[in-house]
Amino acid sequence: MAIADEIKERLNDKVMDWYQHSSRRIYFSAKPKYIREVARLLFQDFGLRFVIATGQDTPGGLEILYHFSFDKTGEMISVRVLLEDKKKPEIDSLVTMFPAAEWIEREIWELLGINFIGHPNLKHLLLIDDWPQNQYPLRHKREV
Amino acid sequence: MSHKVIIPIGPYHPLQDEPEFFRLYVEGEKVIDIDIVIGYLHRGIEELSEHKHFDQVAFLVERICGICSTSHPFAYVNAVEDLAKIEVPERSLYIRTIIAELERIHSHLLWLGLAGHFIGYNTVWMWAWRYREPILDMFEMITGNRNHYAMMKIGGVRRDIKEEDIPVLKKALDDLVPAVNMFKGAVMDDPVIKSRLKGLGILTKQQAIDWCVEGPTARASGIKIDVRKDDPYGAYDRINWNVIVEKDGDIFAKTVVRILEMLESISIIRQCLDKMPKGEIDANVKDIPPGEGIGRVEAPRGECFHYVRSDGTNRPIRHKIRAPSYMNVASNKVAAVGGTISDAAITLAAVDPCYCCTERLAVINKSDNKKIMSGWELIKLSQEKTSRIRKEMGFHD
């Protein structure tokens, strides 16, 4: 069974809107509360490599896409979570599972203002330390 | 009682002359912790990209980095072609591959020279950079530029390789093989380099997995990943070549991986020049539909990742860029800890960090403290250690 099908089966009802864009690009959505569970399954059980996360400001809320790569077949599996509450967006941090998430979570925190619960070192990465509070460069201007 | 001393390195990297800041926490000679501060080069390219139309972005991302200046546009066009499901003419796939591989050779030579300089082998530095010159000439011949080649375009390439240039390119490659073999001998057979770099700055396989490193850094730790093989793009699945893997995870292994990769790159370019079919080089793409696409490229330092989302207008609404150094530099946190100060600088440089890539506003933090160790002091420290090893082994300077 292909890895994608196995993942789909194991995650069962936690998977929403599964779609395959091309032969090696798969996207699906998950509820934010399940992110640790989903990431553990992908990273630890299936041995996928965490590539990066893309934070994005969309009309429906703040979205994070976690990109994982299965290097044996070259498939990219991207998990989409939508944080609808733009006033106080937060999600569980993945740093304790794999340290590679540390920088990107700091980056998304400072550029989009998403709070990562449980991140041990949530401080500025790219912006200056005295960057004004509540100003997030990647949030769309029309809402500021 | 703790005798913890803090040594700040930076904000200029002692080896690469690029701005970043390392805070080393040391006890005696031993590094016990490290704090990495980046952000000095952040230019907000992801945001800028949302204000340019799809064709312009290729030139914008080319300017992320001067060394891997084709990897970023390559990954970007791969992403847009994945988004819009564009079929690219066969010939342009080969041309793209040739450019990407030439870039790998020049980048590895650049690193090799700097690494040599850093441990006190200035001859390696001079020779490596001397042989990098003909590569830049080849670039100039094909693209008209020694750097920032501006070859990538959505749906193809911007310039063709002329038939009459092919023998000249092949000759230049032939001349390069003995040079790379010379470096291979000089590094792999030299007892001093071996004892200087072996067992230094080790990144174990498990650490490499946890920190999600890639490229030569991962392959030197025994992880066989290479986007060119795993998720083929360009013409990599149409030719024969090998992924170079080493097991030890130390700086020596990283050096060996890079040198052997240059030989593979030469072979890839030769095959491409032979197999390249005649025909169109551009698919003449008009519109980009709404959707999202991911493009990956094995840059000289590892996997370069681009994610593009379109809403059907002529600009991307989101363009995420992740350069390989973003993951690799962070792994210094484990690789440099446990080593000594005289090894710190070469260890930090062993992942071939590229800060322009990692940060994509210029900000200067005025509150930085003053007792900063200068780059030259660190290089001296490192060179002195090599010279000590040489003396112990009975060599004379």
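We name chains A, B, ... by the order of the sequence lines, and we start the count at 1 in each one. Given the structure is predicted, the values throughout are model-derived calculations rather than measurements. As a basis for the values below, the full set of heavy atoms in this structure was taken, side chains included, without hydrogen atoms, waters or symmetry mates.
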- Quick one: what part of D311(B) sits under 4.5 Å from any heavy atom of chain A, side chain, backbone, both or neither? neither
- Message: Is the ring pair W103(A)/Y326(B) parallel, tilted or perpendicular, if the boundaries are 30 and 60 degrees?
- Response: perpendicular
- Could you tell me which portion of V213(B) (side chain, backbone, both or neither) has an atom closer than 4.5 angstrom to a non-hydrogen atom of chain A? backbone
- Item | Structural part of Q44(A) lying under 4.5 Å from a heavy atom of chain B | neither
- Item | Chi angles and distances behind the side-chain contact (heavy atoms from CB on, under 4.5 Å) call for E292(B), R80(A) | CA-CA 12 Å; E292(B) 49 194 350; R80(A) 192 187 312 271; 2.4 Å; yes
- Note on the structure: Per-residue tally against chain B (heavy atom, under 4.5 Å) across S22(A), G74(A), A101(A) peaks at G74(A)
- Query: Does any heavy atom of chain A fall under 4.5 Å from the side chain of K85(B), the backbone, both, or neither of them?
  - Reply: side chain
- Considering only heavy atoms, which portion of F68(A) lies under 4.5 Å from any heavy atom of chain B: side chain, backbone, both, or neither? neither
- Side chain, backbone, both or neither: which part of K72(A) has a non-hydrogen atom closer than 4.5 Å to chain B? neither
- Message: Going by ring-ring contact (aromatic ring centres under 6.0 Å, His included), name the residues that satisfy it together with Y66(A), two or more places apart in sequence or in a different chain.
- Response: none
- Interface residues of residues 48-56 of chain A facing chain B - non-hydrogen atoms under 4.5 Å apart: R49(A), F50(A), V51(A), I52(A), A53(A), T54(A), G55(A), Q56(A)
- Note: E47(B) and L138(A) closest approach over all heavy atoms is OE1-CD2, 3.4 Å
- Query: Using non-hydrogen atoms and a limit below 4.5 Å, what part of residues 24-37 of chain A faces chain B?
  - Reply: R24(A), R25(A), Y27(A)
- Message: Under a 3.5 Å distance rule, please check whether H21(A) uses its side chain to pair with a backbone N or O of D82(B) as donor and acceptor.
- Response: yes
- Message: Tell me whether the count of non-hydrogen atoms from other residues, nucleotides or ligands lying under 6.0 Å of CG in D287(B) goes above 12.
- Response: no
- Message: Please classify the contact of L83(B) with chain A as side chain, backbone, both or neither, using a heavy-atom distance under 4.5 Å.
- Response: backbone
- Query: From K333(B) NZ over to E102(A) CD, what is the distance, rounded to the nearest 0.5 angstrom?
  - Reply: 5.0 Å
- The interface call for I294(B) against chain A, heavy-atom contacts under 4.5 Å, is both
- residues 108-117 of chain A vs chain B, non-hydrogen distance cutoff under 4.5 Å, contacting residues -> none
- Message: Let's test your reading of the structure: which of S78(A), P99(A), A100(A), S69(A) forms the most heavy-atom pairs below 4.5 Å with chain B?
- Response: P99(A)
- Message: Rounded at 0.5 Å granularity, tell me how far CG in D71(A) sits from CD in E303(B).
- Response: 7.0 Å
- Message: Salt bridge check, E107(A) against K320(B): does any charged N sit closer than 4.0 Å to a carboxylate O?
- Response: yes
- Note on the structure: Turns out that what part of H67(A) lies under 4.5 Å from chain B's heavy atoms comes down to side chain
- Query: Yes or no on side-chain contact (heavy atoms from CB on, under 4.5 Å) for R309(B) and T58(A), after CA distance, side-chain angles and deciding distance?
  - Reply: CA-CA 11 Å; R309(B) 185 189 282 190; T58(A) 64; 3.8 Å; yes
- Let me know if S23(A) has heavy atoms under 4.5 Å from chain B in its side chain, its backbone, both or neither. neither
